[in-house]
Amino acid sequence: TLHNTNGHQATADEDTGKVVTVATSARGYLLAGVVFAVLLLGVGLLALRRDVQPAARRASSKPSSARGVDMANAPAGGQAGDECVDLSEMCDAWHKAGACVSPGAASRLRISAKVPAVCSRTCGLCKGTPGRVPRLSSAERCRRDNVTPAVHEGMLDPLFERVMNEFPQFSPEALSKDPWVVRLHDFVSDREAEAFVKRCEAHFERSLAGDQLNPVRTSYQCWCNFPGCFTDPLIHRVTLRIANVTGTKYNNGEDMQIVRYEPGQFYRAHHDQNTAIWTPQGPRVLTFFIYLNTPEKGGGTRFPRVGGAGGITVEPRKGSAVLWPSTLDSQPMLTDDRTLHEAMPVIDGIKYGANMWVHQFDFKTPSERGCPLTYVNTMGKRPGTPEHAKLVEGIVPDYETTLKMASREGAA
């Protein structure tokens, strides 16, 4: 055993007689190992980068409806660059459920997202924006916040032409063009259809007609106005799809109504437009009806005044939908009596369907504020009772003013 000049132990190679510094050799091996490990790590990172970057680009190119809604790790304030934005397509539904202000609501709904951070704009946390439903006094709960109707004079025809031309994925079929009755195929998936039925299983009640039990309507109904229903991502996705296809706003639509018809049940000929012009939400302008299953026999939707003698009947097919107007193209605040329709009796099996009625103005805001005019039938050019008159006095434009809003002059 020898010692080198640095005092480290060394040994002589028996075959060559060379002196090998043990510590120096060890450091060399260690250094070589580290270099090799770093090289391996670099190669791995390059490979990972090649795999991840295209996936990230693909994900970022998808619309928000294709992304997940678990935003638990979203940045505070929902900031995207310098813009205050919502980061989930679920924000409207979460806000409606109270999750913007109540952590308990989010917990009950098993929402993993930090809703105020993810939904800053909807929750009213962005500077200069009031949020989805600005708070008002009880006296103003029936105020009409927006003054732009969903459909102006002469714009119903273009709306339906857009449906026919821009949504080939639903194979739109015009069963009539005057008035319009359009059937859409494969509008909802099996999973989406089943979500409606599942959410309403324990909530079906006898259907009402004209705000009361009526022998003209013998089916069962379930309003999707409870958080367990309207916050279901599958159901909310369908709600947004309807808004997209019709070119109307989410808040203009009523809560969806799910119906169940058993053998022998029906809904005699009726019209869906049952809301006065002087209400905050204005008339129902569109009906969107989705067939959630295919009954064994019967259950069609018949339009007796469309298509000549005998009318036309739309047969129920799971996943398909039918869209029609409740008002006139030339006067979209006034009822088009030709779209009177009826649900034919189910002969065999059970029929499930889902209604969406779209109003000329915001329905959900006054509804969520507790405005009584959003859940009763109304009619006439003026409020029929002093109570109704008081609810809208000074905060909802009158009949004549509202008519003008939908005119070509009002659209200019």
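Please read all numbers here as calculations on a predicted model, not as lab measurements.
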Qualifying ring pair (Phe, Tyr, Trp, His ring centres under 6.0 Å) pairs, either residue in residues 117-139, two or more places apart
none
Can you tell me how far apart OG (Ser320) and CG (Leu184) are? Round to the nearest 0.5 Å.
8.5 Å
Can you tell me how far the OG1 atom of Thr231 sits from the CD1 atom of Ile235, to the nearest 0.5 Å?
8.5 Å
Of the non-hydrogen atoms in Cys91 and Val118, which two are nearest, and what is the gap between them?
SG-O, 4.0 Å
Looking at CD of Glu153 and OG of Ser407, how far apart are the two atoms once the value is rounded to the nearest 0.5 Å?
6.5 Å
Donor + acceptor pair across side chains of Ser207, Ser219 (<3.5 Å)
yes
Under 2.5 Å between the SG atoms of Cys123 and Cys100: is that the case?
yes
Please collect all side-chain hydrogen bond (donor to acceptor under 3.5 Å, both in side chains) contacts where either partner lies in residues 130-146, sequence neighbours excluded, each pair once.
His95-Arg132, Arg132-Asn251, Arg132-Glu368, Ser138-Arg141, Arg143-Asp145, Arg144-Thr402, Asp145-Arg369
What residue pairs, at least two apart or across chains, pass side-chain hydrogen bond (donor to acceptor under 3.5 Å, both in side chains) with a residue in residues 295-310?
Tyr291-Thr301, Arg302-Glu342
Ring centres under 6.0 Å, that's the criterion: do Phe187 and Phe288 meet it?
yes
Donor-acceptor pair, His359 side chain versus Phe361 backbone, under 3.5 Å?
no
How far does OH of Tyr399 sit from NZ of Lys404, to the nearest 0.5 angstrom?
13.5 Å
So do Ile277 and Leu403 actually touch side chain to side chain, heavy atoms under 4.5 Å?
yes
Are the aromatic ring centres of Phe303 and His341 under 6.0 angstrom apart?
yes
Contacts of Val216 meeting side-chain contact (heavy atoms from CB on, under 4.5 Å) (sequence neighbours excluded), chain-then-number -> Ala209, Asn214, Tyr267, Arg268
Hey, are the side chains of Leu87 and Val85 touching, using non-hydrogen atoms and a 4.5 Å cut-off?
yes
What do you reckon, are the aromatic ring centroids of His236 and Phe230 less than 6.0 Å apart?
no
With Ile290 as partner, the option from Met256, Glu192, Lys318 fulfilling side chain to side chain contact (heavy atoms under 4.5 Å, CB included) is Met256
Please answer whether the main-chain N or O of Asp362 pairs with a side-chain N or O of Gln281 as donor and acceptor at a distance below 3.5 Å.
no
Nearest heavy-atom pair of Asp86 and Ser120: which atoms, and what distance?
OD1-N, 3.5 Å
Would you kindly say whether the two SG atoms, from Cys200 and from Cys222, are closer than 2.5 Å?
yes
Which pairs pass side-chain hydrogen bond (donor to acceptor under 3.5 Å, both in side chains) with one or both residues in residues 321-338, sequence neighbours excluded?
Asp178-Arg338, Asp336-Arg338
Give a yes or no on this: more than 12 heavy atoms of other residues, nucleotides or ligands lie within 6.0 Å of atom CD of Glu393.
no
Say whether, by atom type as modelled, one donor and one acceptor occur between the side chain of Gln273 and the main chain of Pro325 under 3.5 angstrom.
no
Provide the full list of disulfide (SG to SG under 2.5 Å) pairs with a residue in residues 292-356, sequence neighbours left out, each pair given once.
none
The test is side chain to side chain contact (heavy atoms under 4.5 Å, CB included); show your working for Asp92 and Tyr250 and say whether it passes.
CA-CA 8 Å; Asp92 285 328; Tyr250 169 79; 3.4 Å; yes
When you measure from the side chain of Thr279 to the backbone N and O of Ala276, does any donor-acceptor pair fall under 3.5 Å?
yes
Under the criterion salt bridge (charged side-chain N to carboxylate O under 4.0 Å, His left out), I'd like the reasoning laid out for Glu194 against Lys198: C-alpha separation, chi angles, the key distance, then a yes or no.
CA-CA 6 Å; Glu194 289 156 10; Lys198 179 180 177 181; over 6 Å; no
Student check: side-chain heavy atoms of Thr129 and Lys127 closer than 4.5 Å:
no
Strictly by disulfide (SG to SG under 2.5 Å), give each pair with a member in residues 223-315 just once, sequence neighbours left out.
Cys224-Cys229
Pro280 and side chain to side chain contact (heavy atoms under 4.5 Å, CB included): which single residue from Ser367, Pro366, Pro397 fits?
Pro366
Heavy atoms of Phe167 and Val245 approach each other most closely as CZ-CA, 3.6 Å
Provide the closest heavy-atom pair for Pro316 versus Thr294 in the form atom of the first, atom of the second, distance.
O-CG2, 3.6 Å
Donor-acceptor pair, distance only, cut-off 3.5 Å: does the side chain of Thr374 make one with the backbone of Gly370?
no
Got a donor-acceptor contact below 3.5 angstrom from the Gln265 side chain to the Thr218 backbone?
yes
Any salt bridge between Glu254 and Arg284, counting N to O under 4.0 Å?
yes
Set of residues satisfying side-chain contact (heavy atoms from CB on, under 4.5 Å) with respect to Lys177, sequence neighbours excluded:
Ala174, Trp180
In this structure, are over 12 heavy atoms from other groups packed under 6.0 Å from Lys249 atom NZ?
no
I'd like to know whether CD of Glu205 has more than 12 heavy-atom contacts from other residues, nucleotides or ligands below 6.0 angstrom.
no
I'd like to check Asn252 versus Gln360 (side-chain heavy atoms, cut-off strictly below 4.5 Å). Are they in contact?
no
Might you work through the side chain to side chain contact (heavy atoms under 4.5 Å, CB included) test for Val358 and Met356, ending with a clear yes or no?
CA-CA 6 Å; Val358 180; Met356 165 71 82; 4.1 Å; yes
Which pairs with one or both residues in residues 292-346 pass disulfide (SG to SG under 2.5 Å), sequence neighbours excluded?
none
According to salt bridge (charged side-chain N to carboxylate O under 4.0 Å, His left out), does anything in residues 219-233 pair up with another residue at least two apart or in another chain? List the pairs.
Arg199-Asp232
Any donor-acceptor pair under 3.5 Å linking the side-chain atoms of Asn274 with those of Asn377?
yes
Disulfide (SG to SG under 2.5 Å) pairs touching residues 322-403, sequence neighbours excluded, are Cys142-Cys371
Identify, with sequence neighbours excluded, every residue that meets side-chain contact (heavy atoms from CB on, under 4.5 Å) alongside Gln257.
Arg217, Gln221, Trp223, Val259, Asn355, Trp357
Distance, nearest 0.5 Å, that separates CZ of Phe160 from CG of Asn165:
13.5 Å
Non-hydrogen atoms of Ala343 and Lys351 that approach each other most closely:
CB-NZ, 4.2 Å
Of all heavy-atom pairs linking Pro227 and Ala97, the shortest is CB-CB, 4.0 Å
Between the CD1 atom in Ile242 and the CG atom in Leu323, the distance rounded to the nearest 0.5 Å is 9.5 Å
Under the 3.5 angstrom rule, does the side chain of Thr313 hit a backbone N or O of Gly300 as a donor-acceptor pair?
no
